[in-house]
Amino acid sequence: MSNFSGYYVKAYNGVILDQYLNIEGYKDTPDQRQDKDSYRDGYGVLHRQVLPNVSTTLELTTLEGLTVDQVIAFKDAIATGITNSMERKVTLTYWNDERMAYCTDTFYMPDMTFSHRGIQNGTAVYKSMTFKFIGYGEQR
């Protein structure tokens with residue numbers, strides 16, 4: 001039995017971000033192993049030095065048709081976890097499918113691409129967008 005609590009990702013301030021995501025809008029690549037100076041020897045045997053920290057990547061794909069106010073609310077929730085704005089370093093809590101448990105990690109948020117669908121009733125309306133979060137590395 002898992003301890004899944006009915007959400008995939010939560011911002012630092014406790015706002016559940018799932019409300020902004022499409023039905024298939026959550027992807028995680030959890031606990032990726034990191035190697036240092038791994039190599040294959042002259043016999044083709046792999047020699048690995050696996051580091052103690054693992055890194056998770058999250059991809060959050062928003063609903064189609066969010067308004068500018070909804071995108072602002074989504075970004076504001078994420079911003080509550082920013083610890084370094086120049087690095088876009090942010091803390092999020094997420095469902096980790098490898099551990100079948102929630103984890104709270106620090107991520108780098110790469111540049112974002114915003115796609116507009118148009119203007120309706122005087123407000124900007126967005127196409128579905130994917131926001132990526134790349135883990136700094138956590139010891140498990």
Side chains of residues 123-136: which donor-acceptor pairs under 3.5 Å do they make with residues two or more places apart or in other chains?
from, atom 1, to, atom 2, distance (Å)
Ser128, OG, Thr62, O, 2.6
Thr130, OG1, Thr61, OG1, 2.8
Tyr136, OH, Glu87, OE1, 2.8

Using residues 100-114 as the side-chain source, report each donor-acceptor pair under 3.5 Å to any protein atom, sequence neighbours left out, with the distance given to one decimal.
from, atom 1, to, atom 2, distance (Å)
Tyr102, OH, Ser5, N, 3.0
Tyr102, OH, Tyr7, O, 2.6
Thr104, OG1, Thr93, OG1, 2.8
Asp105, OD1, Arg140, NH1, 3.2
Asp105, OD1, Arg140, NH2, 3.4
Asp105, OD2, Tyr94, OH, 2.5
Asp105, OD2, Arg140, NH2, 2.5
Asp111, OD1, Arg88, NH1, 2.7

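By the criterion of side-chain heavy atoms lying less than 4.5 angstrom apart, applied directly or through intervening Ile, Leu, Val, Met, Phe, Trp or Tyr residues, Tyr12 is not grouped with Tyr26; the two fall into different hydrophobic clusters.
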- Audit row: Thr56, Asp31, side chain to side chain contact (heavy atoms under 4.5 Å, CB included) steps and yes/no: CA-CA 5 Å; Thr56 294; Asp31 294 355; 3.6 Å; yes
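Under a cut-off of 6.0 angstrom, the local environment of CD1 in Ile23 is sparse, with at most 12 non-hydrogen atoms contributed by other residues, nucleotides or ligands.
The main-chain N or O of Ser55 is found under 3.5 Å from a side-chain atom of Gln32 such that the two form a donor-acceptor pair.
For residues 33-43, the pairs satisfying side chain to side chain donor-acceptor pair (under 3.5 Å) are Arg33-Glu98, Asp35-Ser38, Asp35-Arg48, Asp41-His47, with sequence neighbours left out. Residue pairs meeting the salt bridge (Lys or Arg N to Asp or Glu O under 4.0 Å) criterion with at least one partner in residues 59-72, sequence neighbours excluded, are Glu64-Arg117. Annotation: salt bridge (Lys or Arg N to Asp or Glu O under 4.0 Å) contacts involving residues 14-24, sequence neighbours excluded, are absent.
Nearest approach of Ala11 to Thr80, heavy atoms of both residues: CB-OG1, 4.2 Å.
By the 4.5 Å heavy-atom criterion applied to side chains, Val90 and Thr83 are not counted as neighbours. Counting only heavy atoms from C-beta outward, the side chains of Ile16 and Tyr8 never approach each other to under 4.5 Å.
Between the CD1 atom of Ile78 and the CG atom of Asn13 there is a distance of 10.0 Å, given to the nearest 0.5 Å. Taken to the nearest 0.5 Å, the CD1 atom of Ile82 stands 9.0 Å off from the NZ atom of Lys75. Between atom CG of residue Leu58 and atom CG of residue Leu17 there is a gap of 10.0 Å, rounded to the nearest 0.5 Å.
Residues satisfying the side chain to side chain donor-acceptor pair (under 3.5 Å) criterion with Gln19, sequence neighbours excluded, are absent altogether.
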